[in-house]
Student: 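Quick one: this structure, given as structure tokens, is what I'll be asking you about.
Order of listing sets the numbers, starting from 1, for every ligand and every atom in it. This is a predicted model, so every value here is computed, not measured.
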Amino acid sequence: MKPKTNPTRRTFCKNTALMAGGMLAMPLDIAAAAHVLGDDTIKIALVGCGGRGTGAASQALSTKENVKLVAMADVFQDRLDNCYEILSKKFAGTDKLMVSDEDKYIGFDAYKHAIDKADVVLLTTTPGYRPIHFEYAVSQNKHIFMEKPVATDAPGIRRVLATAELAKAKGLNVVVGLQRRYQKNYLACLEQIRNGSMGQIVSGQVYWNSAGVWVRERQPEQTEMEYQMRNWYYFTWLCGDHIVEQHIHNIDVANWFIGEYPLHAQGMGGREVRTDKKFGQIFDHHFVEFTYPSGAVVASQCRHQPGCVDNVTESFQGTKGTIYTDSQNKGIIRGYDKNILFEHQGEDDPNPYQTEHDVLFANIREGKVTNDAERAAKTTMTAILGRMATYSGQLITFDDALQRGKNLMPDTYSWDTLPKVLPDDEGRYPVAVPGQTQVLES
Ligand SMILES: NC(=O)c1ccc[n+]([C@@H]2O[C@H](COP(=O)([O-])OP(=O)(O)OC[C@H]3O[C@@H](n4cnc5c(N)ncnc54)[C@H](O)[C@@H]3O)[C@@H](O)[C@H]2O)c1
């Protein structure tokens, strides 16, 4: 082993092992693995080779560390092949892509084989599966990047919260793709808020209003399970609905800036425009009022309707001033006399999708730990709470939602599994009806 000034894979492993309280499985695993690729190589596995997985792998491989992708997993061969082809082009002429055909795993258990091969895993499947994959990765002592949302139902959140504790005890890094937390304008604004520039936040408005996303049409040879997994956006057990899948980013900013999670939520929603059966069961709009322990009330809007005004931003009102933020690197704090108290307009700010991987891999190299899992689970739960409020039309507390929210996931996973939500004879799926739909276990 070459002498090094920076902590090496081996010292990092040792540190982590100490934090893990003497767990022997990990250092043995990594020592064995280090033999194959050399001591300072960090081996990565990608689980979920779709759009974001391809992006996350690309960002992980673009960090300064000595990283290599060594294994890939997906349920669909074509998704994995497409991802591999894109990465091959992007990293042509480098030694970053070291995935043999044997280490390209397909199927519902593929994640285990890929995770076993790596030091760091990227969990970027559709969100319904995240709790299962996260739990296995932590059980195998892996460092993790995982995409938001981290679950789609309350039992999934409880599982992620328990796993987050275990990851903390083991000293594992868990970075979650709520990238505003790694974006300069948001961090600069947070510092101002914590310094008291705008006083205490008393209200806010957060938005993800847009035209919507892709649809994947049913193919004659598909089982129901395959169809739902291909067209996953429109099934709540897989996606969470767009309030969870997309609007989580803005809801996360509310929780983060206010520094609390809501006590309760009530709201309304439905589907007005996106009503065809190909749009499964999710709503095309949600409007939720979240009430926080401090008394702050946040109005959250998300819409998937073409031809309407687009808005993906956050605004809050404090006792001394107001704040506006958006993902285009902007943050402005104004006094009530309209004077600008603070402004961040970062033309050249780093891409937060890259920053989150830079932080993860630098941490691993330096023996530091970032663990976003608990806050990401609680923010995902906040968005699920919002959905439960709009689906049911009831006022629901955070605690009730977390403890009693229904299990949406199937009991087993195979192409012949029947998901819990099924179409009628005309191919239409049941859609929640406020005032009638029950979202809590009795
Ligand atoms: N942070 C962000 O800004 C951002 C942006 C886009 C997507 N995302 C998140 O990334 C995740 C993936 O989204 P996407 O747009 O890449 O979707 P996608 O459909 O392009 O990719 C998902 C991939 O996961 C695979 N998959 C599904 N279930 C699996 C399982 N059980 N085992 C292995 N593979 C499985 C699918 O076959 C597919 O290839 C979602 O959670 C989404 O919310 C985050």
Student: Nearest 0.5 Å, please: how far is CG in Asp95 from NZ in Lys68?
Tutor: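 Lys68 NZ to Asp95 CG: 3.5 Å, rounded to 0.5 Å.
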
Student: Using a strict 4.0 Å threshold on nitrogen-to-oxygen distance, state whether Arg365 and Glu65 make a salt bridge.
Tutor: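 Here Arg365 pairs with Glu65 in a salt bridge, since their nearest N and O are under 4.0 Å apart.
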
Student: Please confirm whether Ala73 comes within less than 3.5 Å of ligand 1 when only nitrogen or oxygen atoms on both sides are compared.
Tutor: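 Looking only at distances, the answer is no, because the N/O contact criterion of under 3.5 Å is not met.
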
Student: Assess whether a salt bridge exists between Glu314 and Arg180, defined as any Lys/Arg side-chain N lying under 4.0 Å from an Asp/Glu carboxylate O.
Tutor: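 Salt bridge present between Glu314 and Arg180.
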
Student: For atom 27 (C) of ligand 1, what is the nearest protein heavy atom, given as residue, atom name and distance?
Tutor: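 That would be Thr126 OG1, 3.5 Å.
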
Student: Is the closest basic N to carboxylate O distance between Lys330 and Glu343 below 4.0 Å?
Tutor: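 So Lys330 does not pair with Glu343 through a salt bridge.
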
Student: Should Glu165 and Lys168 count as an ion pair when the cut-off is N to O under 4.0 Å?
Tutor: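 Salt bridge between Glu165 and Lys168, a charged N being under 4.0 Å from a carboxylate O: yes.
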
Student: Check for me whether the distance between the ring centres of Tyr429 and Phe235 falls short of 6.0 Å.
Tutor: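 Yes - the distance between ring centres of Tyr429 and Phe235 falls below the 6.0 Å cut-off.
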
Student: Would you say Gly107 has any N or O atom under 3.5 Å from an N or O of ligand 1, going by distance alone?
Tutor: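 Gly107 vs ligand 1: no N/O contact under 3.5 Å.
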
Student: Tell me, please: is Tyr413 in heavy-atom contact with ligand 1, that is, under 4.0 Å?
Tutor: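 Distance cut 4.0 Å: Tyr413 fails for ligand 1.
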
Student: Can you check whether Asn329 reaches Gln183 side chain to side chain, under 4.5 Å on heavy atoms?
Tutor: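 SC-SC contact between Asn329 and Gln183 confirmed.
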
Student: Quick one: which of Lys378, Arg375, Arg181 gives a salt bridge (charged side-chain N to carboxylate O under 4.0 Å, His left out) with Asp252?
Tutor: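 With Asp252 as partner, salt bridge (charged side-chain N to carboxylate O under 4.0 Å, His left out) holds for just one option, Arg181.
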
Student: Give a yes/no on ligand 1: does Phe76 have at least one heavy atom closer than 4.0 angstrom to it?
Tutor: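 Per 4.0 Å heavy-atom rule, Phe76 contacts ligand 1.
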
Student: Mind checking whether His242 has a heavy atom under 4.0 Å from ligand 1?
Tutor: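 Checking ligand 1 against His242, which is what was asked, there is no heavy-atom contact under 4.0 Å.
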
Student: Quick one: nearest non-hydrogen protein atom to atom 6 (C) of ligand 1, plus distance?
Tutor: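 For atom 6 (C) of ligand 1, the nearest protein heavy atom is Arg52 CD, 3.6 Å.
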
Student: Mind checking whether Thr124 contacts ligand 1 via backbone (N, CA, C, O), side chain (CB onward), both or neither, at a 4.0 Å heavy-atom cut-off?
Tutor: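 For Thr124, the contact with ligand 1 is made by the backbone alone.
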
Student: If you draw the axis of the six-membered ring of Trp214, does the NZ or CZ of Arg216 fall within 45° of it and under 6.0 Å from the ring centre?
Tutor: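 That pair qualifies as a cation-pi contact.
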
Student: Can you tell whether the side chains of Asp400 and Arg404 come within less than 4.0 Å, N to carboxylate O?
Tutor: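 Salt bridge flag = yes for Arg404 with Asp400.
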
Student: Counting only heavy atoms not in Arg334, do more than 12 fall under 6.0 Å of its CZ?
Tutor: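 No - once you tally the heavy atoms of other residues, nucleotides and ligands closer than 6.0 Å, there are 12 at most.
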
Student: Measure from the ring center of Tyr129 to the ring center of Tyr111 and say whether it is less than 6.0 Å.
Tutor: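 Centroid separation for Tyr129 and Tyr111: 6.0 Å or greater.
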
Student: Measuring from atom 41 (O) of ligand 1, which candidate in Arg79, Arg130, Glu147 has the nearest non-hydrogen atom?
Tutor: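 Closest candidate by heavy-atom distance is Arg130.
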
Student: For ligand 1, is Gly128 a contact, meaning one of its heavy atoms is under 4.0 Å away?
Tutor: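 So Gly128 does not count as touching ligand 1.
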
Student: Using heavy atoms and a 4.0 Å limit, tell me yes or no: is His133 in contact with ligand 1?
Tutor: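 Flag set, His133 near ligand 1.
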
Student: Checking a contact table here: which protein heavy atom is nearest atom 21 (O) of ligand 1, and how many Å away?
Tutor: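 Answer for atom 21 (O) of ligand 1: Gly50 CA, 3.2 Å.
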
Student: Heavy-atom distances under 4.0 Å decide this one: backbone, side chain, both or neither, for Trp232 against ligand 1?
Tutor: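 Looking at Trp232 and ligand 1, just side chain atoms fall under 4.0 Å.
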
Student: Looking at atom 42 (C) of ligand 1, what's its closest protein heavy atom, distance included?
Tutor: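 Protein heavy atom with the smallest distance to atom 42 (C) of ligand 1: Glu245 OE2, 3.1 Å.
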
Student: Using a 4.0 Å heavy-atom cut-off, which part of Met146 comes near ligand 1: side chain, backbone, both, or neither?
Tutor: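 No part of Met146 comes within reach of ligand 1.
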
Student: Assert yes or no for the condition that the ring centre distance of Phe76 to Trp415 is strictly below 6.0 Å.
Tutor: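 Distance test on ring centres: under 6.0 Å, yes.
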
Student: Which residue owns the protein heavy atom closest to atom 9 (C) of ligand 1, what's the atom, and how far is it?
Tutor: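 Answer, as residue, atom name and distance: Lys148 O, 3.5 Å.
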
Student: Using heavy atoms and a 4.0 Å limit, tell me yes or no: is His249 in contact with ligand 1?
Tutor: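 Checking ligand 1 against His249, which is what was asked, there is a heavy-atom contact under 4.0 Å.
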
Student: Taking the basic N atoms (NZ, or NE/NH1/NH2) and the acidic carboxylate oxygens, is any pair closer than 4.0 Å for Asp276 and Arg428?
Tutor: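 No, this pair does not count.
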
Student: Just which atoms of ligand 1 are under 4.0 Å from any heavy atom in Met229?
Tutor: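 The atoms of ligand 1 under 4.0 Å from a heavy atom of Met229 are 28 (N).
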
Student: At what distance is the nearest protein heavy atom to atom 3 (O) of ligand 1, and which residue and atom is it?
Tutor: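 In this structure, atom 3 (O) of ligand 1 has Tyr353 OH, 2.7 Å as its nearest protein heavy atom.
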
Student: Looking at Pro149, which atoms of ligand 1 are within less than 4.0 Å of one of its heavy atoms?
Tutor: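 The list of qualifying atoms is 41 (O), 43 (O).
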
Student: Kindly indicate whether the side chain of Leu80, heavy atoms from C-beta on, has any atom under 4.5 Å from the side chain of Tyr105.
Tutor: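 No. Closest side-chain heavy atoms not under 4.5 Å.
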
Student: By number and element, which atoms of ligand 1 are closer than 4.0 Å to a non-hydrogen atom of Gly177?
Tutor: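 Near Gly177, meaning under 4.0 Å from one of its heavy atoms, ligand 1 has 1 (N).
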
Student: Out of Thr125, Ile106, Asp74, who is nearest to atom 37 (O) of ligand 1 when you count heavy atoms only?
Tutor: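 It is Asp74 that holds the nearest heavy atom.
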
Student: Would you mind telling me if ligand 1 is within reach of the side chain of Cys49, the backbone, both or neither, using heavy atoms under 4.0 Å?
Tutor: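 Under 4.0 Å from ligand 1, Cys49 contributes backbone atoms alone.
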
Student: I'd like to check which ligand 1 atoms, numbered from 1 as shown, lie under 4.0 Å from a non-hydrogen atom of Gln179.
Tutor: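 Counting atoms of ligand 1 from 1, those under 4.0 Å from Gln179 are 1 (N), 2 (C), 3 (O).
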
Student: Please state whether Ala110 comes within less than 4.0 angstrom of ligand 1, counting heavy atoms only.
Tutor: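 Ala110: no contact with ligand 1 (<4.0 Å).
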
Student: Please list the nearest protein heavy atom to atom 30 (C) of ligand 1 with its residue and the distance rounded to 0.1 Å.
Tutor: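 Sorting protein heavy atoms by distance from atom 30 (C) of ligand 1 puts Val75 CG1, 3.6 Å first.
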
